[in-house]
Structure formats: C-alpha cells, structure tokens
Protein chains: 4
Amino acid sequence: MPPTSKSSSNPPAKRGGGKGERTRARILGSATEVFAESGYSAARVADIAQAAEVAHGTFYTYFDSKRDVFKALADDVVDEIFAALKGGPNLGSTPLERIHNANARYIDLYGSHAVILALIEQVATSDAEFLGTRLDLRRRFIARVERAVKRMIETGQATGIDGLDPHIVANALGGMIDNFCYAWFVLKEPFEKEAALHTLDTIWANALGLQRPAKG
Amino acid sequence: MPPTSKSSSNPPAKRGGGKGERTRARILGSATEVFAESGYSAARVADIAQAAEVAHGTFYTYFDSKRDVFKALADDVVDEIFAALKGGPNLGSTPLERIHNANARYIDLYGSHAVILALIEQVATSDAEFLGTRLDLRRRFIARVERAVKRMIETGQATGIDGLDPHIVANALGGMIDNFCYAWFVLKEPFEKEAALHTLDTIWANALGLQRPAKG
Amino acid sequence: MPPTSKSSSNPPAKRGGGKGERTRARILGSATEVFAESGYSAARVADIAQAAEVAHGTFYTYFDSKRDVFKALADDVVDEIFAALKGGPNLGSTPLERIHNANARYIDLYGSHAVILALIEQVATSDAEFLGTRLDLRRRFIARVERAVKRMIETGQATGIDGLDPHIVANALGGMIDNFCYAWFVLKEPFEKEAALHTLDTIWANALGLQRPAKG
Amino acid sequence: MPPTSKSSSNPPAKRGGGKGERTRARILGSATEVFAESGYSAARVADIAQAAEVAHGTFYTYFDSKRDVFKALADDVVDEIFAALKGGPNLGSTPLERIHNANARYIDLYGSHAVILALIEQVATSDAEFLGTRLDLRRRFIARVERAVKRMIETGQATGIDGLDPHIVANALGGMIDNFCYAWFVLKEPFEKEAALHTLDTIWANALGLQRPAKG
DNA sequence: AATGAATGAGAATTCATTCAT
DNA sequence: TATGAATGAATTCTCATTCAT
C-alpha cells in the first residue's frame with residue numbers, strides 16, 4: 001500500500017521524511033477520524049486541525065479546502081481498490097476456490113477502507129465528481145464479477161443460470177458481497193468472519209449452480 | 001404510534017382539506033425535491049420555501065426546523081415500510097412464488113421511496129436518531145427474511161444451506177435485494193424489471209436449494 | 001439626481017418606499033462613509049453594517065459582497081456623470097462663456113462625487129472592471145473637450161494652437177481641470193471658488209488664444 | 001535626512017556589494033513588480049518573496065513588514081523627486097526654454113517613477129504617513145511652479161495673468177503637467193513625446209502670456 | 001543568514017431561525 | 001396565518017508574521 005495521494009494542491013514540501021510530510025500525514029489521519037465521527041458535511045476544518053494538533057491555519061498549508069483533504073483520502077482508497085480489481089485472476093484450482101479467494105479479498109479490501117468508502121457514498125449525493133467515483137467503483141467491480149460469471153458459464157462450470165443475463169447476475173451477486181460488507185463494516189453488524197465467508201461462498205456456488213467437486 | 005407523519009410540531013391547521021394542509025403538503029413535496037437535488041446538508045430552507053412558492057418564514061409556520069421536515073418525510077416512509085414488513089406472509093402456493101412476490105413487493109416499495117431512503121442513509125451519518133432508523137429498517141427487513149429462510153429450512157423446502165446460519169444467509173440474500181434496488185433506483189443503473197426480478201428469484205431459489213416444482 | 005443604482009444582485013424588495021429599500025439606502029450611505037474613511041481595501045463589511053446600524057448579516061441581504069456595494073455606488077456616479085457629459089452643448093453666447101459654464105459644471109459634478117471618484121481610482125489598481133470604468137470616464141470627458149477644441153479651431157475662435165493636435169490639447173486642458181478638482185476636493189487643498197473658476201477660465205482662454213471679446 | 005532609503009529596519013548586511021545587499025535589492029525589485037501588478041493591499045509578501053527567489057521568511061530578514069518594503073521603495077522615489085525639485089533653477093536663456101526644460105524634466109522624472117507614484121497615491125488613502133508624503137510631493141512641486149510664475153510676472157515676462165493668484169495658476173498649470181503624466185504613464189494613454197512636450201510648452205506659454213521671443 | 005513550516009488573528013460569507021407587521 | 005426583513009452564530013479561508021532549525 002503506497003502512500004500515494006496526489007490531490008493535495010498545496011504542498012509545502014516535496015514529500016519525503018521532512019517535517020512537512022509528517023504534518024500532512026497527521027492531518028490526513030485526523031481528517032479520516034473526524035469525517036468518520038461526524039460525517040463529511042458536519043465535519044469542521046477546525047476540528048480536523050485540532051485533532052491533528054496543528055493550528056487552524058496550518059490545515060491550509062497542506063490542503064486547499066475540506067473537499068481537498070477528502071479528495072486526497074478518497075483518491076488513495078480508490079487507487080488501491082482499482083489496483084486490486086485490475087490484478088490478475090484469482091488463484092485457485094477450482095471455481096469455488098477462486099470465488100472464495102475473490103470474496104475474501106474483497107472483504108479485506110472493504111474492511112480496510114470502509115470508513116472512506118462510506119464517506120464517498122455520502123459525498124456523492126451532492127458532488128458530481130464523487131458521484132462519478134462512486135459509480136466507477138461499483139461498475140469496475142461488477143464488470144470483474146461479470147467476466148468471471150461469463151467464463152464459468154462458457155466453460156460449463158456454472159450450470160444454474162442458463163438464460164440469465166450475466167450482467168444482472170453480476171449485479172446481484174456482486175452487490176450481495178458489497179452490501180454484506182457495508183452492513184458488517186459500516187453499520188457494524190457483528191459477523192464472524194469464517195462463517196460469513198463460508199456462507200457467502202456457498203450462496204455463490206449454489207446460485208451459479210457450480211458443479212460441486214467432491215469436497216471434504 | 002399514529003400511523004402517519006407525527007413529527008411536525010407546528011401544525012397551524014388541524015389537517016384536513018384546509019388551505020393550511022395544502023400548503024404543508026406543498027412544502028413536503030418541495031422538500032423532497034430539494035433534498036434529492038442537493039442532499040440534506042446542502043439543501044437550504046430558503047430553497048424549499050421558494051420551490052413551494054411560500055415565503056421563507058412560512059416554512060416555520062409548518063415545521064420547526066429543517067430537520068423537522070426531513071423527519072416528517074422520513075417518518076412517513078418508515079411507517080409505510082414497517083407496515084409492509086409487518087404484513088402477513090407473502091402469498092403464493094409455492095416457495096418460489098412467495099419469494100417472487102416478496103421480491104416484487106420490496107422492489108416496488110424501494111422504488112417508490114428511493115429518494116427518502118437514500119437521504120436517511122446520508123443523514124444517519126451525523127444524526128443518532130436517523131442512524132437508529134436506518135439500522136431498524138435493515139434489521140426488520142432482514143429479520144423477516146430470516147424468518148422465511150428458517151421456515152423453509154424447517155419445512156425441508158430449502159435444502160442447499162444446511163449447516164449455515166440463517167441470520168447470515170438472510171443478511172446476504174436480503175442485502176442482495178437491497179443493494180440491487182440501490183443500484184437501480186438510487187444510482188440509476190438501468191435494469192429491465194422482468195429480467196431483474198426473474199434473475200433475483202432464480203438466484204434465491206438456487207442459493208437456498210429450493211426443490212424446484214416441475215414448473216412450466 | 002435619480003437614485004438609480006442597478007448593480008446590487010441581492011434585492012429583497014422591488015424598490016419602493018418599503019422597509020427594505022430604506023435599509024438598502026442606509027447601507028449605501030454607510031458604505032460611502034466607511035470607504036471614504038478607510039479606503040476600499042481597508043474598509044470592512046462589518047464596519048459598513050455597523051455604521052448602517054444593521055446586523056452584519058443584513059448587509060448580505062442587500063449586497064453580494066463588498067465589491068458589490070462599491071459597484072452600486074460607482075454605477076450611480078458613473079451614470080450621472082455620463083448623463084452630464086452626454087448633455088447638449090454648453091450654453092453661452094461667447095466661447096469664453098461656454099468654457100466658463102463647462103468648467104463650472106465639471107467642478108460641481110466632481111465636487112458632489114469626489115469621494116466615489118477617488119475610490120474608483122483606487123480600486124482601478126487591482127480590478128480590471130473598474131480600471132475600464134476609470135478609463136472610460138476620462139476618455140469620454142476628454143473626447144468632449146476635444147470636440148469643443150476642434151470646433152473652436154475650425155470656427156477661428158481659437159487662434160493660439162495652430163498646428164497642435166487637438167487630442168493632446170484636450171488631454172492637457174481637460175486634465176488640468178480634472179487635476180485641479182482632485183487637489184481641491186480629494187486632497188482638500190483650499191481654494192476659493194470664484195477665484196479658482198476665473199483663473200481656470202482665463203488659462204483656457206489664453207491657452208487657446210481666444211479672441212477676447214471686449215469684456216467688462 | 002540621509003539621501004537614500006532609510007526605512008528598512010532590519011539590515012543584515014552593511015550595504016555594499018555583499019550578498020545580503022544583492023538579495024535586498026532583488027526583494028525591492030520584486031516588490032515593485034508585485035505591487036504594480038496587484039496594488040498594495042492585494043500584494044502578498046509570499047509573492048514578493050517568490051518573485052525574488054528567496055524563501056518567504058527571508059523577506060523578514062530584510063524588511064520588517066510589507067509596509068516597510070513599500071516605505072523603502074517610496075522613500076527612494078520621494079528623495080529623488082525632492083532632490084530634483086530642490087535643484088537650481090532650470091537652465092535656458094528664454095522663459096520658454098526654461099519652461100520647456102522644466103516640463104521635460106518633470107515628465108522624465110514621472111516616467112521613471114510612475115509605478116511607485118501611483119502606489120503612493122493608493123496607499124495614502126489608508127495611511128496617514130503616506131497621505132502626508134503625497135501632499136508634500138504635490139505641494140513642493142506646486143511651490144516651485146508658483147515661484148517661477150511669480151518671477152515671470154515680476155519680471156514682466158508673463159503678461160497674461162495679471163490679477164490672478166499665482167498660487168491658483170501654479171496649481172492649474174502644475175496640475176496640468178501632473179495629470180498629463182498620470183494619463184500617459186499610469187493609465188498608459190499613448191502620447192508621442194515630442195508632440196506632447198511641444199503642446200504642453202505652448203499651452204504654458206499662451207496661458208502665461210509669455211512674450212514670444214522671435215523664435216526660429 | 002536563510003529556510004519554510006507553523007501560527008492565529010482577522011475578514012468574508014452563509015443560512016437557519018426569529019420576529020414585527 | 002403569511003410575509004420577508006433582520007439577526008448573528010458558525011465556518012471557511014487568507015496571509016502577515018514568527019520561529020525553530
């Protein structure tokens with residue numbers, strides 16, 4: 001996970017171990033906390049600065065506005081997720097293994113970025129750019145699922161969804177994972193990881209009509 | 001718990017067909033539009049009043065605050081959804097028919113209230129009461145799904161999820177419908193109703209391992 | 001002098017004898033005072049509001065910004081001056097009388113608007129629109145002088161400036177009046193009106209080489 | 001009164017060709033540019049420093065404040081102009097020649113310092129000291145003109161302004177030159193030097209009623 | 001001396017809410 | 001009840017100046 005972030009428009013130092021860079025990082029951290037605590041709209045720049053233990057004005061040494069810190073935060077998360085979604089096919093010798101790995105990866109990814117993901121959702125309501133981000137995020141994920149579903153149909157591995165539109169199937173099954181993560185990590189519904197994963201895997205397998213290899 | 005909107009604390013007329021009631025309704029309508037357009041935080045009372053073609057001050061003749069109109073709007077939706085969720089079991093002679101009817105009902109319900117539902121989500125971020133509302137809404141829906149799943153297991157209709165926790169299954173399958181509706185009605189992803197419903201029904205049936213009655 | 005002013009972009013009332021209009025007028029008056037006292041940059045909206053005895057926020061009910069009040073003020077003055085400059089030729093049976101009347105008019109006009117004129121000058125330094133205003137004001141005045149000078153040359157009334165460019169002559173003589181007014185009304189150099197006018201008239205007459213009619 | 005800049009209160013080097021002195025000069029130069037570009041109030045110390053290619057903080061190694069650089073700049077100009085105005089009588093064997101030389105000198109002086117002169121004007125609006133400077137500048141110039149006018153009246157060289165107050169005449173004719181320079185160098189109205197000078201000389205001569213020596 | 005990060009005192013602006021008519 | 005002017009608290013953002021290194 002590289003500490004990328006490329007949106008801050010007000011960089012006093014050229015990144016590195018300098019004092020400025022540490023302050024910037026502290027502000028980013030505080031911003032995440034404050035946004036998580038109060039939501040985007042209710043968060044005040046003054047609070048972020050205070051949480052970062054810098055003067056109010058110092059915030060503006062590093063970021064142009066509240067939106068700008070948020071964009072920095074969001075860009076980092078989006079980059080990382082896109083990178084993960086672009087990564088090669090999921091490993092595994094059976095379709096079920098590959099589904100399991102994909103679900104596990106998505107859950108981990110979501111879990112690490114749940115706060116920012118939920119915030120992007122929120123902000124998207126009144127900011128066209130983030131609405132785009134939000135849609136993009138979903139579409140790329142669904143597209144990946146859709147490709148996998150098509151492949152499984154073509155190779156005869158999925159036999160339960162003949163005649164269904166893979167795009168709709170992908171939206172349903174992808175959305176299932178997404179929503180589950182949302183409930184789990186954003187709404188904080190308590191789930192036990194092993195059981196949750198196993199359940200989701202099974203539902204996928206059943207839904208697609210996977211040819212169950214003699215397993216255990 | 002009165003069945004309809006209970007939050008407006010400033011009722012100038014005693015409800016009915018009076019002029020006051022019509023004005024109040026107009027403000028509620030404009031509020032929905034303005035909230036939908038700008039999001040809750042960015043929406044301005046002045047805009048709502050203007051859209052309702054009343055003076056800025058008149059807004060406060062009917063509602064105590066911006067939050068108050070929103071609560072009136074949300075309460076109506078929440079009441080209606082709760083009523084629907086409390087309603088008797090879904091009709092249908094086969095499990096698949098009952099699932100189909102439940103899904104169709106949920107989709108219709110979501111579709112009619114998508115705007116407010118999305119707004120409740122937003123507001124929940126910084127308002128404890130609406131956070132409660134939001135959780136309640138999900139939990140009641142999931143609980144209903146959970147009851148149905150349990151019943152199908154107990155009656156031997158669902159054979160594919162032996163050993164899985166019905167609570168997790170319900171969260172997954174219920175969340176699938178919820179997320180699909182979200183993509184469809186909030187994010188405006190275009191889906192064709194017949195195909196979508198049929199796909200969702202099939203995935204449920206497959207996932208649960210429904211004993212397919214010889215159908216058509 | 002009509003109380004025109006057309007730039008305020010935030011009009012709560014449609015002008016008239018209403019309360020709003022009176023408040024607006026009071027703010028315009030206070031703005032003039034505060035600008036005169038502190039200069040444009042140093043003037044604070046809070047001071048203008050306080051001087052007008054309204055709440056700080058009330059200022060924004062009538063004007064969008066500090067610049068906006070200033071524009072309202074400037075536009076009024078500019079309109080009036082343009083109207084005066086567009087007015088028919090100066091009356092008088094002899095060239096000297098006409099010059100005298102023109103000078104007297106200009107002095108009166110400048111005197112009534114000295115504060116705003118000086119402010120426009122100031123603001124022009126860092127605001128392109130007002131720089132345009134300022135140039136326009138000068139050019140229209142000079143153009144008028146230039147036409148008069150040309151006419152006097154053509155009719156043989158001015159015999160002292162043969163071979164000179166009337167445009168330069170107009171800039172010099174027009175500028176002389178302008179600068180005199182500036183010293184008088186802005187820098188507050190004390191001059192006695194009769195003497196000043198007579199001196200300026202005489203210099204014009206001499207400079208142009210007016211055929212002195214046997215006068216007194 | 002030391003002959004050169006006396007205001008910088010923060011001299012790191014003892015003036016001379018040292019590095020410090022060169023840096024100081026660079027800052028003064030950048031300050032002129034930035035002030036000219038944006039006006040005094042809108043000019044930012046950060047911009048001046050950047051234009052001088054020094055760190056923001058370095059500015060304060062050489063000057064105490066934004067006002068302080070400006071004062072250094074203004075003092076240099078004021079000193080030079082005062083020196084010129086104090087200089088001996090203008091050379092020339094005829095009054096017209098002397099007027100011509102005086103006008104030419106003033107125009108050159110104004111031309112070289114137009115930027116700072118215009119800025120002093122601006123700053124005078126909200127700074128008592130510079131208001132004094134501004135008045136002083138004008139009064140000294142007018143006083144010199146007044147002395148010349150009186151001399152020409154007394155020696156019978158000026159016959160056109162009998163009975164007029166030489167103080168008013170000086171304000172008018174001196175102001176004419178001043179305003180012309182203002183239009184030319186500050187407002188950037190394009191004038192051709194030869195023609196402009198000749199026109200101004202002629203107007204002076206005519207206005208004063210100079211006895212035209214048989215010329216050329 | 002030089003650097004540039006940090007400071008914090010303003011100043012502008014917004015907008016929910018109140019209130020006199 | 002309806003109106004819309006008035007209020008002022010809350011927030012953002014700016015930038016001259018200071019200061020540790």
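No hydrogens, no waters, no symmetry mates; every other heavy atom, side chains included, goes into these values. Here is how names work: the chains are called A, B, and so on, in the same order as the sequence lines, proteins then strands, and each is numbered from 1.
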Pairing nucleotide - dA20(E), Watson-Crick or G-U, each distance under 3.5 Å: dT3(F)
Protein-nucleotide distance (His56(D), atom NE2; dA20(F), atom P), rounded to Å: 17 Å
Criterion side-chain contact (heavy atoms from CB on, under 4.5 Å) on Phe63(C) and Leu28(C), from CA distance to verdict: CA-CA 10 Å; Phe63(C) 301 97; Leu28(C) 280 171; 3.8 Å; yes
Whole-Å gap separating P (dT1(F)) and CZ (Arg24(B)): 13 Å
Which residue lies more 5' along DNA chain E, comparing Val54(D) with Ala43(B) via nearest heavy atoms: Val54(D)
First of Ala55(C) and Ala55(B) reached from the 5' end of DNA chain F, by closest nucleotide: Ala55(B)
OP1 or OP2 of dT13(E) under 4.0 Å from side-chain N/O of Tyr60(C): yes
Qualifying residue, where the test is side chain to side chain contact (heavy atoms under 4.5 Å, CB included) with Phe59(C) and the options are Asp64(C), Thr23(C), Ile27(C): Ile27(C)
Spacing of Asp47(C) atom CG relative to dG10(E) atom C1', expressed in whole Å: 12 Å
Nucleotide dT11(F), atom P - distance to CG of Asp64(A) in whole Å: 21 Å
Interatomic distance, Arg67(B) CZ vs dA16(E) C1' [rounded to whole Å]: 15 Å
side-chain contact (heavy atoms from CB on, under 4.5 Å) between Phe35(C) and Ile116(C), intermediate numbers included: CA-CA 9 Å; Phe35(C) 283 140; Ile116(C) 302 295; 5.9 Å; no
Under 4.0 angstrom between Tyr62(A) side-chain N/O and dA5(E) OP1 or OP2: no
Pair Val45(B)-Tyr60(B), side-chain contact (heavy atoms from CB on, under 4.5 Å): steps then yes or no: CA-CA 9 Å; Val45(B) 171; Tyr60(B) 290 90; 3.8 Å; yes
For atom CD of Glu53(B) and atom P of dA2(F), their distance in whole Å: 15 Å
Distance, rounded to the nearest Å, where Phe59(B) contributes CZ and dA5(F) contributes C1': 18 Å
Presence of Thr61(A) side-chain N/O under 4.0 Å of dG4(E) phosphate oxygens OP1/OP2: no
Separation of atom CZ in Arg44(D) from atom P in dA16(F), rounded to whole Å: 8 Å
5' precedence on DNA chain F between Ala42(D) and Ser41(A) (nearest-nucleotide basis): Ser41(A)
Working for side-chain contact (heavy atoms from CB on, under 4.5 Å), residues Gln122(A) and Phe130(A): CA-CA 9 Å; Gln122(A) 246 186 268; Phe130(A) 288 106; over 6 Å; no
Distance below 4.0 Å between Thr58(D) side-chain N/O and dT3(E) OP1 or OP2: yes
